[in-house]
Number of protein chains: 2
Amino acid sequence: MTEALHDEDGSRWAGRDAGQPERQQTVDARTISAAALKLFAERGYRATTMSDIGAAIGIRGPSLYRHVTSKQVLLGGIMVDTMRALIADQQAALDAGGDVPLQLRRIVEAHVRYHAAHREQAFVGNREIENLEQPYRDQVLRLRRTYERGLRTVIERGCAEGDFTVAEPRLASYAILDMGMGVSAWFRPDGPHGAERIAYAYADYAIRMLTGWSSSDGATTADA
Amino acid sequence: MTEALHDEDGSRWAGRDAGQPERQQTVDARTISAAALKLFAERGYRATTMSDIGAAIGIRGPSLYRHVTSKQVLLGGIMVDTMRALIADQQAALDAGGDVPLQLRRIVEAHVRYHAAHREQAFVGNREIENLEQPYRDQVLRLRRTYERGLRTVIERGCAEGDFTVAEPRLASYAILDMGMGVSAWFRPDGPHGAERIAYAYADYAIRMLTGWSSSDGATTADA
DNA sequence: GATCCGAGCTGACGACCATTAGCTTAGAAG
DNA sequence: CTTCTAAGCTAATGGTCGTCAGCTCGGATC
């Protein structure tokens with residue numbers, strides 16, 4: 001691990017002179033969760049110590065326990081909240097009505113927008129599932145299945161009504177969900193594409209892949 | 001961590017009676033790497049101990065050091081090999097010639113096929129980048145950029161020659177790569193879709209998203 | 001001014017882990 | 001039979017980490 005340099009900040013009580021992280025205005029569960037999220041996203045859950053999280057908001061590791069019950073609860077809260085937010089956005093997209101292709105566009109835009117605008121939540125939510133312990137893990141997996149079903153159902157409806165032409169709606173739904181999830185891995189707020197542009201472009205991609213003709217040549221290139 | 005149950009196997013020298021994992025025929029660097037790959041894929045690098053890896057092939061943790069130099073080198077080897085294999089497959093797809101849409105199909109099929117057929121390698125390769133230390137990390141990131149460039153170049157050529165109609169080739173290349181990478185997260189060899197079918201379907205999706213018309217209604221549903 | 005309490009802090013405690021050191025054995029080599 | 005060595009093993013080393021205990025300070029309350 002070459003990434004050390006935690007600059008522990010030797011100053012104690014009587015000298016709030018310098019020190020990089022500088023205490024937050026208020027230290028509460030929400031502040032801690034935000035700091036934890038950032039660190040989980042950039043180092044991973046297991047590589048992040050309670051001391052790291054404390055340092056990020058200007059207190060020591062053990063002091064965190066005045067506000068949160070454990071590191072695992074911190075992760076669980078982040079992941080459950082993330083799934084709930086995704087599902088709420090998806091539901092809002094569905095509730096907005098319109099024909100099936102429009103609903104699909106709204107769903108995909110919501111999906112991608114979330115993965116860009118809340119890339120840390122989404123990234124942690126996807127990467128740390130096996131570090132989540134049991135009350136949480138099943139809960140998150142359940143929510144995840146609900147979310148997947150939302151998109152798949154729209155695709156299936158589109159196929160039934162003749163708007164879409166895919167042989168395997170489930171496969172197509174995975175493809176669309178996964179390409180959106182990927183955004184959380186590379187998106188940067190100061191990057192060349194804004195979240196809104198990406199969401200729009202990806203919704204286009206999704207509609208295209210569901211509505212195109214059967215592609216060019218029918219032969220697989222199987223040989224490996 | 002509820003997933004314990006390592007069944008340490010109390011038998012020592014004089015009794016090769018039972019014991020779950022049963023020693024492999026030969027214990028060499030390749031066997032160890034295979035066991036490590038499996039465990040890294042299902043638990044993550046940091047959650048896997050050298051003792052776990054040893055147990056998987058029927059020896060103790062410290063004995064591994066007769067064959068490999070460190071856990072980190074194990075991870076580095078896996079990830080570098082994975083990127084090299086991906087690049088080799090991609091290059092083979094390009095070398096097969098054909099027009100741009102056919103090349104694209106071959107590239108995407110190779111990409112998806114690898115992520116299905118070698119899901120553990122691909123999964124670890126994507127998930128453990130920040131656990132990779134410095135000689136390896138840069139090497140893998142370099143290889144990854146090379147790989148990305150391969151697909152992007154084909155898309156750009158297709159746009160220039162009028163085969164494809166996407167505004168942002170880079171964005172489209174990310175979408176295609178990410179949807180393929182997602183396969184390594186959910187694919188199961190005994191699942192309902194074979195790797196070959198998935199590769200073919202995904203190549204279709206890719207071609208559709210690059211060649212479709214500009215989608216239905218032009219308005220973004222931006223409002224959040 | 002005395003008291004109280006929330007919220008820091010330091011210093012354990014107990015567990016785990018990668019890696020090293022040094023012992024031992026089985027089988028090859030002579 | 002003796003010797004050597006590859007490849008196991010156990011035990012230790014040095015480190016880290018989550019969490020708990022107990023101390024202390026500053027400000028609010030009376």
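Just so it is clear: chains get the letters A, B, ... in the order the sequence lines come, proteins before strands, and each one is counted from 1. Remember, predicted model here, so these are calculated numbers, not experimental data.
Salt-bridge annotation for E130(A) and R127(B): present, with a side-chain N of the basic residue lying under 4.0 Å from a carboxylate O of the acidic one. Under 4.0 Å is where a charged nitrogen must lie from a carboxylate oxygen, and between R105(A) and E109(A) at least one such pair does.
Atom-to-atom, CZ of R46(A) to P of dC16(C) comes out at 12 Å; the value is rounded to the nearest Å. Rounded to whole angstrom, the span from the CD atom of Q72(B) across to the P atom of dA18(C) amounts to 12 Å. Distance Y65(A) OH to dC17(D) P: 12 Å, rounded to the nearest Å. In this structure, K71(B) places its NZ atom 8 Å from C1' of dA18(C), rounding to the nearest Å. In this structure, M50(B) places its CE atom 18 Å from C1' of dT16(D), rounding to the nearest Å. Whole-Å rounding puts the D52(B) CG to dC17(C) P distance at 7 Å. Between the P atom of dC25(D) and the CD1 atom of I59(A) lies a distance of 19 Å, rounded to the nearest Å. Here the P atom of nucleotide dC17(D) and the CG atom of N131(A) are 15 Å apart, to the nearest Å.
With dA18(C), dC9(D), dT20(C) as the choices, the nucleotide that has an atom nearest any side-chain atom of P62(B) turns out to be dT20(C). Nearest nucleotide to the side chain of T49(A), out of dT10(C), dT19(C), dG18(D): dG18(D).
A donor and an acceptor atom, one from each side chain of Q90(A) and R106(A), are nowhere located under 3.5 Å apart.
When the side-chain nitrogen and oxygen atoms of S63(B) are compared with OP1 and OP2 of dA7(D), none of them lie within a distance under 4.0 Å. Within the 4.0 Å cut-off from OP1 or OP2 of dG6(C), not a single side-chain nitrogen or oxygen of H67(A) is found. The shortest distance between the side-chain N/O atoms of R60(B) and the OP1/OP2 oxygens of dG8(D) is not below 4.0 Å.
For H111(B) and Y147(B), the distance between ring centers is under 6.0 angstrom. A ring-centre distance under 6.0 Å is not found for F123(B) and H115(B).
Checked by distance alone, R66(A) brings a side-chain donor or acceptor within 3.5 Å of a matching partner on the base of dG8(C).
Using a 4.0 Å heavy-atom cutoff across all strands shown, T69(A) reaches no nucleic acid atom at all.
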